[in-house]
There are 4 protein chains.
Amino acid sequence: MVRKLNEQTRERLRLAAVELFASAGFAAVGIRELASGAGVRTATLYNYMSGKEDLLVDIMQSIIDPLAEAAREAMETYSDPRERLVALVEMHVWVHGGRRRSTLVSDTELRSLGEVARKEMSLKRDEYEKLWRTVVQQGVEAGIFDVDNIVITTTGLLTLATGVAYWYRLDGPIQLPDLCALQADLALNLVRAQGANGPVRRSDLNVGPPIEVLPPDPAL
Amino acid sequence: MVRKLNEQTRERLRLAAVELFASAGFAAVGIRELASGAGVRTATLYNYMSGKEDLLVDIMQSIIDPLAEAAREAMETYSDPRERLVALVEMHVWVHGGRRRSTLVSDTELRSLGEVARKEMSLKRDEYEKLWRTVVQQGVEAGIFDVDNIVITTTGLLTLATGVAYWYRLDGPIQLPDLCALQADLALNLVRAQGANGPVRRSDLNVGPPIEVLPPDPAL
Amino acid sequence: MVRKLNEQTRERLRLAAVELFASAGFAAVGIRELASGAGVRTATLYNYMSGKEDLLVDIMQSIIDPLAEAAREAMETYSDPRERLVALVEMHVWVHGGRRRSTLVSDTELRSLGEVARKEMSLKRDEYEKLWRTVVQQGVEAGIFDVDNIVITTTGLLTLATGVAYWYRLDGPIQLPDLCALQADLALNLVRAQGANGPVRRSDLNVGPPIEVLPPDPAL
Amino acid sequence: MVRKLNEQTRERLRLAAVELFASAGFAAVGIRELASGAGVRTATLYNYMSGKEDLLVDIMQSIIDPLAEAAREAMETYSDPRERLVALVEMHVWVHGGRRRSTLVSDTELRSLGEVARKEMSLKRDEYEKLWRTVVQQGVEAGIFDVDNIVITTTGLLTLATGVAYWYRLDGPIQLPDLCALQADLALNLVRAQGANGPVRRSDLNVGPPIEVLPPDPAL
DNA sequence: GATGAATGAGGCTTCATTCAT
DNA sequence: TATGAATGAAGCCTCATTCAT
């Protein structure tokens, strides 16, 4: 029954880290702030981590692994490049909108990692992005995407979908599923996706609701 | 010709600051690094600045003011919302591609500023973004942009154009003017810009070359 | 009995601060000296203070509050202005002679305080001095003090009694109680205090031994 | 004609030093402040001094030498210990009231001097004080001073007369000559100076106006 | 598991001073 | 004479971390 307190502290630390890293940046956050955010003394932190970087790695892994997993799921669930694109965008936005702080940190603080961790994360990220590029390519080859430069456009798609982390608020006027749909349409616009009769929109496609990776959490 | 030693140091400091802030983040850069980057001792730095934040403010102003100026020029030069959009995107990309480090810092480190400077910069940025929103609105009202949500789309346009700072290299395979055109087309896609016979591309419009704000500099 | 290490350090720091500030002046004392005086490294100091000024404030409060308290006691214990004056002088000298270093710092370093603390201390000091002035006035009004200028004379009384901090040594030839009596006589001289048959001396009055505020400490 | 500028700077520097040292203390004053007080850059200061301590030494010498000189004059002019005491007090007060900042520095900053200069100044000061003690002793031996402890009383006399530097203002309500007379009376009180019919006051003695050492200067 | 205490290293900044011009 | 530029040393303070309790 004593272990309950324990997990509370661990959880508060996680939250504090996400909140602080997201708002001030990893380098600008001191362990004193982390400790007071978690309601303990600095020395206590070292029962929960071996160093500040641990916290950062945890945050990143909490994002990047589910994201990769969900991306694979999207690829398996759909085969039409337009549907695949929509699914990718929507699960990406789902995570970036639903856990904006964590994804912000994840997207921003690669440089703050030590060499080992950085390489590992970079690899994962590259693989993830390759999936997206593949889909764009498939759309182009299928003649249903009209794209000048595949690399730039893919980057644009990712940039666009990632951007929601910078401004979206779960408790704002827009519901997360609606945001997903809106961003999916933007993505289809970007690649000039074509349907039977001209430009295609999300609502024209046979795509289910967003894959619900990671429950949204306004604190994360 | 001897009096230049001074300006050389100042220039080297500027370059070092941009380079270091861009790659490691303001908070993670120590003044020792800045000093050695500028080829002087730390005490010497204080002949050129009153504090580390000075360097950051300088960088930001070097970007944000020219950007605002060029945006105003774009608005005056063109009246068609599609042309205006293209002009905005192209001068934005011109700067973000041509001075990627400075713009990266400018876009990322607002939080590192003290309260006074932060407010000032925020104001300027807000005004700048309002210009973009106005153009989108005008396009929608004119029936030539097909946009679901003006705010989200405007944010997307800015995100997209700003994103080039994260990956574009002046010395890479793509020429800056070409990048501008490509990004302009992406923007037109995003708003589903319409011409006489369907979707419009940059090449369909009567827009001159990008406004050449700030000469590109691979070091900046 | 092991838990005292802590208080030992704190005490050593207090002593070092008093000693150093008194002999070299607040501004001339570096935290390195304070640290080595306390037998710790500089970083350790900050477990015991939030800044150098803390130490100064502590010293001042250790003097000024007991002084005010004892002054009030003197006023309550006696009603005859001559007796009151003697009591004030003696408790003042008791403190200034018994804790010369602390009082020296207290009297000298007001200017080294930040604005907030300075104002607070100034207020307390002003109130304290007002008590003295009141006693002089009462003596004049009762016709037992012969004083040309009340303000100047009061200042002189305080100057005189405070002055012992500059030269008295607890371990010198003069005992603290004797010093008190001597200074009391000087004070009576200064105001030309009159008794039944001419000038009055301390031994003519019905005054008990000095109020023993703060035990004397040659280190303080 | 160019030398005029020169002397202006030297003079401004002197004034700035006195003003700053008096109000903040030698150790707390930086050469930047001295420079800006003198209206030049820091490097320029070194055309007028060989180090910060020079300024302090100059200030002290400007006080201590004239003081000693005037003390000797007082001893030569008068022979009655009561008159001598009055003359000493009045010229001391004349200087300490007329040049309060300089005397403040002079009395306070001995500790800030290097060993060599400190010893020299200490010697001068000791000699000066010895003169005072001599006078008190002579009064006691002549049976016209009633003093318990010669050393303590002498110290008290000096403390009292020196004290004016801490509060007197040339531009306040009290004229300097009046202040001298008031303080002379306080001194006579302190030693219980006797005349033909009881306690003696300054006005009972045959003493001329204060020796006018050093013209008063509110800036000094 | 929690923490008080301590610390080496380094944070940013100012110090007094020198020197070439 | 005046100063812009540079600097080693030191200023105060915070950093992340360890360890005994």
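Every chain is numbered from 1 and lettered A, B, ... according to where its sequence line falls, protein lines coming before strand lines.
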Practice task
Scan side-chain atoms only and decide if B/D54 and B/Y48 contain a donor-acceptor pair under the 3.5 Å cut-off.
Solution key: no
Result for 5'-nearest mapping on DNA chain F, choosing between B/V40 and C/A27, is B/V40
When rounded to whole Å, the CZ to C1' distance for the pair B/R10 and F/dA6 reads 14 Å
Assign each of B/R32 and C/L45 the nucleotide of DNA chain E bearing its closest heavy atom; nearer the 5' end lies the nucleotide of C/L45
Exercise for review: Could you tell me whether C/R101 and C/D217 make a salt bridge, using a distance below 4.0 angstrom between a side-chain N and a carboxylate O?
Suggested key: no
* Asked: With respect to the phosphate group of E/dA6, does any side-chain polar atom (N or O) of C/T9 fall under 4.0 Å of OP1 or OP2?
  -> yes
query: Quick one: is C/T44 getting a side-chain N or O under 4.0 Å of the E/dT7 phosphate, OP1 or OP2?
result: yes
*asked:* Base of F/dA5, side chain of B/N47 - is there a donor-acceptor contact under 3.5 Å?
replied: no
inquiry  = Is there a side-chain contact between C/L56 and C/E109 in this structure, where contact means two heavy atoms from C-beta onward sitting under 4.5 Å apart?
reply    = yes
Taken to the nearest whole Å, CE/C/M49 to P/E/dG4 is 19 Å
Between CD of B/E33 and P of E/dG10 the distance, given in whole Å, is 11 Å
Under a 3.5 Å limit on both distances, the Watson-Crick or wobble mate of F/dG11 is E/dC12
Side-chain contact check for C/A43: nearest option of F/dA5, F/dA16, E/dG8 is E/dG8
Comparing nearest nucleotides in DNA chain E, the 5'-proximal residue of the pair C/G39, B/S50 is C/G39
To the nearest angstrom, the CD-C1' distance between C/Q8 and E/dA6 comes to 15 Å
Rounded to whole Å, the CD1-C1' distance (A/I31 to E/dG10) equals 14 Å
When both distances are under 3.5 Å in a Watson-Crick or G-U wobble arrangement, the nucleotide paired with F/dC19 is E/dG4
Judged by nearest nucleotide, the residue sitting upstream toward the 5' end of DNA chain F, A/Y46 or B/R41, is B/R41
Residue pair C/D107, D/Y166: steps toward the side chain to side chain contact (heavy atoms under 4.5 Å, CB included) verdict: CA-CA 11 Å; C/D107 285 333; D/Y166 288 85; over 6 Å; no
Paired with B/R118, the side chain to side chain contact (heavy atoms under 4.5 Å, CB included) test is passed by just one of B/L113, B/L123, B/V57, namely B/L113
Notebook entry, point to check: Has D/Y48 got a side-chain N or O lying under 4.0 Å from the OP1 or OP2 atom of F/dT1?
Noted result: no
In whole angstroms, the gap separating P of E/dT14 from CG of D/L34 amounts to 17 Å
Whole-Å distance, D/L55 CG to E/dA16 P, equals 11 Å
Between CG of C/N6 and P of E/dT3 the distance, given in whole Å, is 16 Å
